[in-house]
Amino acid sequence: MKKTGILYIVPTPIGNLADMTFRAVKILKNVALIGAEDTRTSAKLLKHYQIKTPMISYHKFNERSRVEKFLDKLNNGEDVAIISDAGTPGISDPASIIIKDAIENDIKVETLPGATAFIPALVSSCFNTERFYFAGFLPEKKSDKDTLLKELINIEDTIIFYEAPHRLVKFLSRLREVFGNRKIVIARELSKLYETYYRTTIEEVLANPDMITLKGEFVIIVEGAQKKEYSDAEIVEMLQTELDKGESKKDAIKKVQEITGEPRNRIYNLALCLENK
Ligand code: SAM
């Protein structure tokens, strides 16, 4: 049987050019072809490391047709490497289709360990790293966004988001509406000259957005839900607040259940008591 090549998934620096591993450089020098998200961005990296391997773009709009080209090479026994603009390909960038197709075509895929933005942000956040949830960029559609955020309200794991600077404040307002106030760490410009960690809360930033320099790249780490014991009186007060806002009994129960994570039966019974008062 003919031997196929290996598809290498190669992480590249997220800001500091020196964050490239020896193995990554060696592989990029030795493969037959490099697939890059944007060849102009990656050209600087290749020049810095004197990598002369041919490179083609797999930008998301032509990704499918490029996959065929990569598969031809791989089926011909040649190795191919995939890089993205920054960090690990396949993490919040368009490399995942190529990886999926390669695996479906029985091509061996080797992903190298290396740079990615969320790991340093998570570790430096000092929040729980035992269990975490990588949410990346929120979906674009508002309804999908809301569905995901609501699913995350009660998880106690640390949550990681990627967001663009011009959407950061809007993103935090939405987070405030759904999660309430939480401790957050905003990691800006990791591994670059102006690397900054803002250890703060959602409300503190919303009250004073100027405290953040809204330029560059951001990872937002949100502390997981703190398991709180809710007294009956607290639940009744929350129900009353929802009813005062004009919510129906059913919606008030649903909202309080989302916020507290308490069993529906308990909230329902307290709503009945409130009604009979
Ligand atoms: N593949 C990348 C990775 O492994 O992290 C992520 C690519 S995604 C298209 C780009 C997003 O990653 C940015 O909008 C930002 O949220 C985050 N990011 C990338 N580089 C960063 C940096 N130096 N500092 C902070 N966040 C960064």
Once the angle between the rings of Phe171 and Phe161 is folded into 0 to 90°, is it parallel (under 30°), tilted (30 to 60°) or perpendicular (over 60°)? perpendicular
Flag side-chain contact, heavy atom, 4.5 Å: Leu138 against Leu148: yes
With heavy-atom distances below 4.5 Å as the criterion, would you say the side chains of Tyr133 and Val222 are in contact? no
Check this for me: Lys192, atom NZ, are more than 12 non-hydrogen atoms of other residues, nucleotides or ligands nearer than 6.0 Å? yes
Do Glu234 and Glu262 have side-chain heavy atoms sitting under 4.5 Å apart? no
Can you check side chain to side chain contact (heavy atoms under 4.5 Å, CB included) on Leu168 and Phe218, steps first, answer last? CA-CA 9 Å; Leu168 186 70; Phe218 292 85; 4.2 Å; yes
Does Glu247 pair with Lys255 as a salt bridge, N-O distance under 4.0 Å? no
Any side-chain heavy-atom pair from Thr4 and Asp106 closer than 4.5 angstrom? no
By the salt bridge (Lys or Arg N to Asp or Glu O under 4.0 Å) test, which pairs, at least two apart or in different chains, include something from residues 200-210? Arg176-Glu203
Tell me if the CD atom of Glu104 is crowded by more than 12 foreign heavy atoms within 6.0 Å. yes
Quick one: are Asn105 and Phe70 in side-chain contact, heavy atoms under 4.5 Å? no
Which atom of Arg199 lies closest to which atom of Ser125, heavy atoms considered: NH1-O, 3.4 Å
Flag the pair Phe118 / Ile91 as yes when at least one side-chain heavy-atom distance between them is below 4.5 Å, and no otherwise. yes
Heavy-atom closest pair, residues Lys145 and Pro139: CE-O, 3.2 Å
Checking the side chain of Asn16 only, and the main-chain atoms of Ala18 only, is there a donor and an acceptor separated by less than 3.5 Å? yes
